[in-house]
Amino acid sequence: MTVAAESAGATGLVQSVDWLAIAPPTLAAVVALIILVADLFVPEHRKPLLGGLAIAGLAAALGTLLPLRSGDRATFCLTTAPDVCSYTADHFALVIQLLVLGGALLTALLSYHDTRRLPAGEFWFLLLASAAGAALLPAARDLATLVVALEVASLPAFALVGLRRGDRLSSEAALKFFLSSVTATAVMLLGVSFVYAATGTLHLTEIATRLDDVPGQLGTLAEAGVALTLVGFAFKTAAAPFHFWVPDTYVGAPLPIAAYLSVVGKAVGFSGLILVTVVAFPSYHAVWGPALAVLAALTMTVGNVAALRQSATRAWSAVRLLAWSSVAQAGYLLVPIAAAAYGGDGGSGTDGGADRIGSTVAYALMYAVVNLGAFAVAALVARTKPLNRLSDYQGLYAHRPLAALAMGFFLLCLAGLPPGIIGLFAKVTVFSTAVDAGLGWLAVVMALNVVVALYYYLQWTAVLFRSPEGRAESADTHGAVTADGESAALTPAPALTVAIALTAVAGIALSGAPQLVLRFAGVSLF
């Protein structure tokens, strides 16, 4: 071989990187590293500057989505097959990146005034690192990148949950979250290794092609790999019976981090589940479709029944109810993914399958806005009522009328009742996907669960407008007082107010034009 030929061959192995395509997760990761280094040099009284930098970094990462809106970029492609890439900035990836980066930005706003009780530099670094992994995952198009992105999103979250040093509840929550997630990862990695052994590739589209023609002696191995991969993602999405870590984790975590897990963590799990089922495993739709349908029914039922059992006077019952509500909402989110299995070849290559996945994305967008808003109001109430009981919300309208109106609106959206039109629209959209797919029994189960959920959502809404009771709040070590002894209630929280206002305005705007959500989320992976 001549020198020129060797040079040409070497040049063919060098890939150019589309830096604009990977800008959203990359920018979040770079700002996280800058904060980590800056924390070593910034004096204690200037630590709030790190929070401002984190918020600016997340806003800038969101801004980089604008030049990508055409959804036609990809990078890290095979030199022998330019259409097989590891990173694809298509419309699906961009919508999920908007959701996770927007959720992280609102989480940063919720957290801005509470980091005095936490190591600020570590908190902002971990939050942005997790957001970077969450933004990478929906663009991943091979199993290796998918697993790495999932762990980059999850590992910092463990530390965020347990960041309250010396707090027993926080440590216990972090341990439960860690053990459940490690188990899920181990199961998923075993499944991924089986799939790779059976197909000889990690790229999702190539796996879909080769699973159609797996040699007979490897058929069982491929089936086991698909099943184990789905079980791993069921843990990540908090689908029953893999949901047991959720309530204690939400209670032990700082409230903004509980909000982050309920929205961004869920978006990560569901986007990964969509990619492996609809893109990588369409030929096994007859297996994962019914399995996800059963998981959806079980998850929404367990979540709603547990939410019904919350006592109004139990400590942190409001957070527990939101936690169980998030489990029930996960069940609703699973319905369109299960229905995609009944749109031809696992939804692959059919408009019906793509539309059903779009229903999941639309529901996730609605849920993200209103659930973050509900957690924002809960964080506001926790500044004066640190035990965060449901009974602590009695008479909120008399003291904070705007916060009470916002909370009532968020709860009605989650219940699917007017004036929360966006919640009703999202539920009807999901319900129709089950009916159109021939899953009548699942549609009936969902309808019954929506009726059950009305009870506790409306009960909480009614509490907001009852006459307040005069009662002294008991002392609590779970965040009632700042490290220097100053009452958190006396400290103004403009960033928290901004977060409530942003989510309320977004919810009202989407309720005025709900069709825009489905049109925006009508993404295709094919």
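Side-chain atoms are counted along with the backbone in the values below, which use heavy atoms only and exclude waters and symmetry mates. This is a predicted model, so every value here is computed, not measured.
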Atom of A296, atom of L334 and distance for their closest heavy-atom approach: CB-CB, 3.6 Å
What do the steps show when you test L417 against L454 for side chain to side chain contact (heavy atoms under 4.5 Å, CB included), and what is the final call? CA-CA 9 Å; L417 290 176; L454 289 178; 3.6 Å; yes
Determine whether more than 12 heavy atoms belonging to other residues, nucleotides or ligands lie under 6.0 Å from atom CZ of F244. yes
Donor-acceptor contact below 3.5 Å, side chain S181 vs main chain F177: no
Measuring from atom CG of N388 to atom CZ of R320, what distance do you get when rounded to the nearest 0.5 angstrom? 12.0 Å
L365 side chain near V95 side chain, heavy-atom distance below 4.5 Å: yes
Would you say E206's side chain and T201's backbone share a donor-acceptor pair under 3.5 angstrom? no
Over all atoms of both residues, closest heavy-atom pair of S86 and T145: CB-OG1, 4.2 Å
Does D18 have any salt bridge (charged side-chain N to carboxylate O under 4.0 Å, His left out) partners at least two apart in sequence or in another chain, and if so, which? R73
Between the main-chain N or O of V195 and the side-chain N or O of T199, is there a donor-acceptor pair closer than 3.5 Å? yes
Going by distance alone, is a donor N or O of one side chain under 3.5 Å from an acceptor N or O of the other, for N304 and Y456? yes
Report yes or no: does W288 contribute a side-chain atom to a donor-acceptor pair with the main-chain N or O of F281 at less than 3.5 Å? yes
Backbone of L126 reached by a side-chain donor or acceptor of S130 within 3.5 Å: no
I need the minimum non-hydrogen distance between V152 and G133, along with the two atoms involved. CG1-CA, 3.6 Å
G420 to C413 - nearest heavy-atom pair and separation: CA-SG, 3.4 Å
What is the distance from atom NZ of K427 to atom CG of L414, rounded to the nearest 0.5 Å? 6.5 Å
Would you check if L255 and V319 make a side-chain contact, meaning some heavy-atom pair closer than 4.5 Å? yes
Assess the residue pair V251 and E172 against the criterion (side chain to side chain contact (heavy atoms under 4.5 Å, CB included)); give the C-alpha distance rounded to whole Å, side-chain angles, the decisive distance to 0.1 Å, and a yes or no. CA-CA 10 Å; V251 168; E172 181 182 337; over 6 Å; no
State, without any angle test, whether Y457 and S325 hold a side-chain donor-acceptor pair at a distance under 3.5 Å. yes
Do the side chains of L190 and V187 get nearer than 4.5 Å, heavy atoms only? no
Supply the atom-to-atom distance D248 CG to L175 CG, rounded to the nearest 0.5 angstrom. 11.0 Å
Would you sort out whether Y284 and T277 count as a side chain to side chain contact (heavy atoms under 4.5 Å, CB included), showing the intermediate values? CA-CA 8 Å; Y284 283 79; T277 53; over 6 Å; no
Between OG of S271 and CD1 of I96, what distance do you get to the nearest 0.5 Å? 5.5 Å
With a 3.5 Å distance limit and no angle check, can you tell me whether T360 reaches the backbone of L333 through a side-chain donor-acceptor pair? yes
Rounded to the nearest 0.5 Å, how far apart are OG1 of T220 and CZ of F194? 11.0 Å
Take K236 and E151, measure what salt bridge (Lys or Arg N to Asp or Glu O under 4.0 Å) needs, and give me the verdict at the end. CA-CA 11 Å; K236 298 293 185 181; E151 291 313 297; 3.6 Å; yes
Sidechain-backbone polar pair: W441 side chain, G438 backbone, donor-acceptor under 3.5 Å: no
When you measure from the side chain of T209 to the backbone of T205, do you find a donor-acceptor pair of N or O atoms at a distance under 3.5 Å? yes
Are a donor atom and an acceptor atom from the side chains of D436 and T433 found within less than 3.5 Å of each other? no
Given H243, which partner from the list W324, F235, Y250 fulfils the ring pair (Phe, Tyr, Trp, His ring centres under 6.0 Å) test? W324
To the nearest 0.5 Å, atom SG of C77 lies from atom NE2 of H203 at 8.0 Å
Check whether S511 reaches the backbone of I422 with its side chain - one donor and one acceptor, N or O, closer than 3.5 Å. yes
Do S326 and V246 have side chains that get closer than 4.5 Å, going by heavy atoms? yes
Taking every heavy atom of H91 against every heavy atom of R69, the minimum-distance pair comes out as NE2-O, 3.2 Å
For side chain to side chain contact (heavy atoms under 4.5 Å, CB included), just list the numbers for V305 and V452, CA-CA rounded to whole Å, side-chain angles, deciding distance to a tenth of an Å, and then say yes or no. CA-CA 8 Å; V305 170; V452 171; 5.6 Å; no
Shortest non-hydrogen separation from T299 to A238 and the atoms involved: CG2-O, 4.1 Å
Any non-hydrogen side-chain atom of L106 less than 4.5 Å from a side-chain atom of P256? no
Side-chain contact, heavy-atom cut-off 4.5 Å: L99 with V263? yes
Given side chains that start at C-beta, do those of F233 and L150 come closer than 4.5 Å, heavy atoms only? yes
Residue pair Y363 / T429, side-chain heavy-atom distance below 4.5 Å: no
Looking only at side-chain N and O atoms, does D72 offer a donor or acceptor that is under 3.5 Å from a partner on S70? yes
Taking N371 for the side chain and A259 for the main chain, is one N or O donor matched with an acceptor at less than 3.5 Å? no
